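Counting starts at 1 for both ligands and their atoms, following the listed order. Remember, it's a predicted structure, so these values are computed and weren't measured experimentally.
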Amino acid sequence: MALVVQKYGGSSLVDAAAVLRVAERVAEAQRGGDRVVAVVSAMGKTTDDLIALAHRVSEEPDPRELDVLLSTGELQSCALVAMALRAHGRDAVSLNGAQAGIRTDTRYGNARIAVIEPERVTRELTRGRIVVVAGFQGSTEEMDVTTLGRGASDLSAVALAARLGADRCDVYTDVDGIYTADPNLVPEARRLSEIGFEEMLEMASHGAKMNPRSVEFAMVYNVPIRVASSLVDGPGTLIHQEANMQKEIGEIRDRVRGIATEADVAMIAVQGLEDRPGIAAHLFEPLADSDLSVDVIVQNAGADGFSNIGFTVARKDLGRARGVAETAARELGARGVVSNDRLAKVSIVGTGMQNEPGYASRVFRALADAGVNIEMVSTSEIRITCVVSEAQLGEAARALHAAFELDQQG
Ligand code: ASP
Ligand code: MG
């Protein structure tokens, strides 16, 4: 008898009919005798609506109260799914985050899971019940409600699967798996049958839809996740620790797994900085102190004792980041600050690239042939990222998808 954790996203729970369909699928999972925990997100756009509602009441909603409010979205879903299951003669029980034993710190809106006390869940499973858990939420030691960050019902599911030692963790959504690229930008994109945790992490933090913290958690605790559609049956995509065949047999072969894209990128460049130790620290420390996360950073080779430092931030942070950078630039006697808010990032992602020359040049050639100008470049062991103009993001993604023959791999 296996233990299965299933997660259903908000797009699979848009209305009452969808709730009934989800309940049917959950019941189906139990039919074979398996024990089932279903973790659910808020219905459709409920979380967005609740956030908007809060902002109509308060310019800056109190974080603790906002979490109480947001948690109600998932409560609706779990009550409704449990209700639907019971209406179909299934013994089911809904549990909120606290009841499911998800204990967190007090970082409202982005709380971290401290520990999971799974006794209640285990007890209900032993009674033969289907346990429907409200995703995205936990509780502090004081029993205050917290939420785990946008999209974090995935995290609730993965964390429960890890803690319960589940045999499977299936994440159901409105697409049938993880794609080699965003199909809206690249029509030739195809579903991957599998992808490694690290690669998925790069895909997740660069555009594809899967909560990055949940992938990180799954990697640390080695929980394989299957991402599949809740609407059509299919194999989906297995995210897991892949055995690296190449390493074992020493073969070198194309291993670009996908193209990750991200729009809404802005760039700030501080020009004419003195080229001496401490300058970068002076510029980036106040950005960190203001909780601004900086992504691609480029410092050009200094000439005549001066250099320029450019970095990207999320477009929504541009105003704030530019203010902080201007203050630092003034203090440092820099020549000036310029910015561009119409940028995007496009990356190739794959574990076969380290120690293998030629990937960067192929990226540059493909973008050159497509007439795409590269603003900045950054690389990691498993990723090469180019910052390009947002208007050319689609062209860039299609060019790289074709150059690395991602439409053809099996
Ligand atoms: N409902 C929450 C959100 O929209 C959590 C989730 O969907 O996973 O961010
Ligand atoms: Mg969601």
Electrostatic pair Arg21-Glu24, nearest N-O below 4.0 angstrom: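 So Arg21 does not pair with Glu24 through a salt bridge.
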Salt bridge present between Lys7 and Asp154 (N-O < 4.0 angstrom):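 Asp154 and Lys7: salt-bridged.
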Any Arg315 side-chain heavy atom under 4.5 Å of Glu390 side chain: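 With C-beta onward as the side chain, the pair touches.
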Any N or O of Lys7 closer than 3.5 Å to N or O of ligand 1: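 So ligand 1 has no N or O lying under 3.5 Å from an N or O of Lys7.
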Heteroatom distance test (Phe136, ligand 1): nitrogen or oxygen, under 3.5 angstrom: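 In fact, backbone or side chain, Phe136 has no N or O that close.
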Close-contact set for ligand 1 against Arg150 heavy atoms, below 4.0 Å: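 In order of numbering, the contacting atoms are 3 (C), 4 (O), 9 (O).
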Ligand 1 atoms in contact with Thr47 (distance to a heavy atom under 4.0 Å):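 Answer for ligand 1: 1 (N), 2 (C), 3 (C), 4 (O).
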Which segment of Ser153 sits under 4.0 Å of ligand 1 when only heavy atoms are counted: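 Both of them.
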contact_flag Gly9 ligand 1 heavy-atom lt 4.0 Å: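 No; Gly9 lies far enough from ligand 1 that no heavy-atom distance drops under 4.0 Å.
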Contact check, Ala152 vs ligand 1, heavy-atom distance below 4.0 Å: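 Yes.
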Asn222, CG atom: more than 12 neighbouring heavy atoms under 6.0 Å: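 Counting other residues, nucleotides and ligands, CG of Asn222 exceeds 12 neighbours.
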Residue pair Ile51, Arg150: steps toward the side-chain contact (heavy atoms from CB on, under 4.5 Å) verdict: CA-CA 11 Å; Ile51 291 171; Arg150 292 308 307 268; 3.5 Å; yes
Parallel, tilted or perpendicular: ring planes of Phe284 versus Phe311, cut at 30 and 60 degrees: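 Rings of Phe284 and Phe311: perpendicular, over 60°.
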